[in-house]
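Input: a single structure, listed below in structure tokens.
Since the structure is predicted, the reported quantities are computational estimates derived from the model, not experimental observations. We use all heavy atoms of the structure for the numbers below, so side chains are in, but hydrogens, waters and symmetry mates are not.
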There are 2 protein chains.
Amino acid sequence: MTANLAIDLDRSSPVPLYFQVAEQIAEAIRRGDLAPGSRLDNEILLADKLGLSRPTIRQAIQYLVDKGLLVRKRGVGTQVVHGQVKRSVELTSLYDDLRRAGQEPATQVLTLEPRPVDEHIAPILGLEPGAEILYVERLRFAAGEPLAVLHNWLPLGLAPLGAAALEDRGLYELLRGAGVRMRVANQRIGARAASQAEARLLHERRGAPLLTMVRTTYDDQGRAVEHGSHIYRASHYSLEVTLIER
Amino acid sequence: MTANLAIDLDRSSPVPLYFQVAEQIAEAIRRGDLAPGSRLDNEILLADKLGLSRPTIRQAIQYLVDKGLLVRKRGVGTQVVHGQVKRSVELTSLYDDLRRAGQEPATQVLTLEPRPVDEHIAPILGLEPGAEILYVERLRFAAGEPLAVLHNWLPLGLAPLGAAALEDRGLYELLRGAGVRMRVANQRIGARAASQAEARLLHERRGAPLLTMVRTTYDDQGRAVEHGSHIYRASHYSLEVTLIER
DNA sequence: GAGGTCAGAATGTCCTGACAATCTGACGGC
DNA sequence: GCCGTCAGATTGTCAGGACATTCTGACCTC
């Protein structure tokens, strides 16, 4: 059933075996070697072929099921999902997304300063009211056109964030580079009409539809590391999300 | 460290042990017995206390990590996430969401008929061009106010869908009841201004901002089972999503 | 021919055991 | 006092095995 799907394993590599397997299956799906709807070998056979144990194979498959590339059914087998998953459920910033799409993003920092935390932001970030936080306001461009206005609040001392760095890279990239490991994010997505000031920044007319997103991100210690409130030009941007039921 | 967190296990129940553990930890978090930021006992100790093996405990914890309730860190331990997760990454319909929020949803079926599939919908659902599919158009109300216009395309013969049933329940609920097991969904979320006709249906003014969502849902065999294109009144509704990085 | 029954196949759950990688905090040397 | 080292704690990875549950399709009975 399966094409003979060659998978190389490097046992001396620090990359976990289950991950090596998962990556190479995912690659085969992307390449088209594993057609949508086609069945994978069963877990025991796969384990046998690769000289791995069944739990390891299961972990690899589970990883891809969680990413929405594969689907399993007890008593039947594991199949490749029809219709490709556009993008996985990843914690990426707009900047990363745009660059990956070849859009050549640019950023203009409008504000970057410590300020006392707002009373409605403080509980979200788990801070004392009146504490100082870093406030960032940026205008994001893609292909020369203004695309979004980004407002962020971050705990001080999390990462050294300078205006130059922020104009050169995405916020998430800078945080990751500073050792912050983001794990969970809550997002609320809505829409509203542009105000006069927003319209001017974004080269839209007043009342033009804007996509709004409010997001709070937590790290692997469960601490809030970032709160953002963003507006996007609906005419130029939309969000993509993949949901997976377990 | 942990409150003494009593967990009852029923080994004769068909509910998997790892799931029983996960549910009761989640319940303790919701109740507040496990405060945000507090640490769980380590896996080996927990396994010992409950008379289970470590892999089973790990599976329970992994389940909650995937839902965004817990966060782990190697060498440190497992902690409850600060700031509650509003809603988990579930495959729910608008109807389910509204009812859970106590909004008392109602539905008016505008169209319900088989029709030849559009040429741009056919490849999405994996159908031959020209094949017949079921087209559904509904107006959804919450608390007496119009909230959204829902357009759906479904393969014929998937489930017996009558107008009466659709006015009484959500589409997802009906599909689940017919044995369809949905697993993966791709959503694209955007915004645009309301047309004259849309405004009339939704009691808005022309040009009012609308939230748009296009979604394709796949079942556990990887087959597309539903494609929908929906518009929501941005003034009355927003979407909530939780992202988890593994 | 319709329907029920049963065997095979596949994933789901659970166990035991072992070692690796990583983080924290304490200790000790400079 | 500062910095590096080291040990303990904890999660991450991997192996191998056993049995349960569920689905499909073939076979048999009526």
Show your reasoning for whether side-chain hydrogen bond (donor to acceptor under 3.5 Å, both in side chains) applies to Q79(A) and R39(A). CA-CA 4 Å; Q79(A) 287 176 297; R39(A) 282 239 311 272; over 6 Å; no
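At a threshold of 4.0 angstrom between heavy atoms, the contacts of P16(A) are confined to the sugar-phosphate backbone, with no base atom among them.
The nearest whole Å value for the distance from the CD1 atom in I44(A) to the P atom in dG16(D) is 13 Å. Per the geometry, CD belonging to E43(B) stands 16 Å off P belonging to dC14(C), to the nearest Å. Look at CD1 on I57(A): it is 10 Å from P on dC14(D), rounded to the nearest Å. Taking atom CG of residue L46(A) and atom P of nucleotide dA9(C), one finds them 17 Å apart after rounding to whole Å. Separating the CD atom of Q59(B) from the P atom of dG12(D) is a distance of 14 Å, rounded to the nearest angstrom. To the nearest angstrom, P of dA20(D) lies 12 Å from CZ of R74(A). Nucleotide dT13(D) holds its C1' atom 16 Å from the CG atom of L50(A), rounded to whole Å. Whole-Å rounding puts the L70(A) CG to dA10(C) P distance at 16 Å.
Close to dT24(D), at under 4.0 Å from its OP1 or OP2, lies a side-chain N or O of K73(A). Taking side-chain N and O atoms only, Y18(A) has no distance below 4.0 Å to OP1 or OP2 of dC14(D). Using a 4.0 Å cut-off, no side-chain N or O of R72(A) falls inside it from OP1 or OP2 of dA10(C). The side chain of T78(B) places an N or O atom within less than 4.0 Å of a non-bridging phosphate oxygen (OP1 or OP2) of dT11(D). Taking 4.0 angstrom as the limit, R181(A) places a side-chain polar atom (N or O) nearer than this to OP1 or OP2 of dC23(C). Neither OP1 nor OP2 of dG17(D) sits under 4.0 Å from any side-chain N or O of S53(A). Distances shown here put every side-chain N or O of T56(B) at or beyond 4.0 Å from the OP1 or OP2 atom of dT13(C). Distances shown here put a side-chain N or O of R58(B) below 4.0 Å from the OP1 or OP2 atom of dG12(D).
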Report all side-chain donor-acceptor pairs from residues 69-76 of chain A shorter than 3.5 Å, counting only partners two or more places apart or in another chain.
unit_1: R72(A); atom_1: NH1; unit_2: E43(A); atom_2: OE2; d: 2.9
unit_1: R72(A); atom_1: NH2; unit_2: Q62(A); atom_2: OE1; d: 2.4

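Of the residues near DNA chain D, R11(A) and I61(B), the one whose nearest nucleotide (by heavy atom distance) lies more toward the 5' end is I61(B).
Side-chain atoms of R138(A) and T107(A) include no donor-acceptor pair closer than 3.5 Å. Side-chain contact check for Q20(B) and Y18(B): no donor-acceptor pair (N or O, by modelled atom type) lies under 3.5 Å.
If you check distances only, the side chain of R54(B) never reaches the base of dG17(C) with a donor-acceptor pair under 3.5 Å.
Atom-to-atom distance recorded for Q24(A):CD and D33(A):CG is 11.5 Å, nearest 0.5 angstrom.
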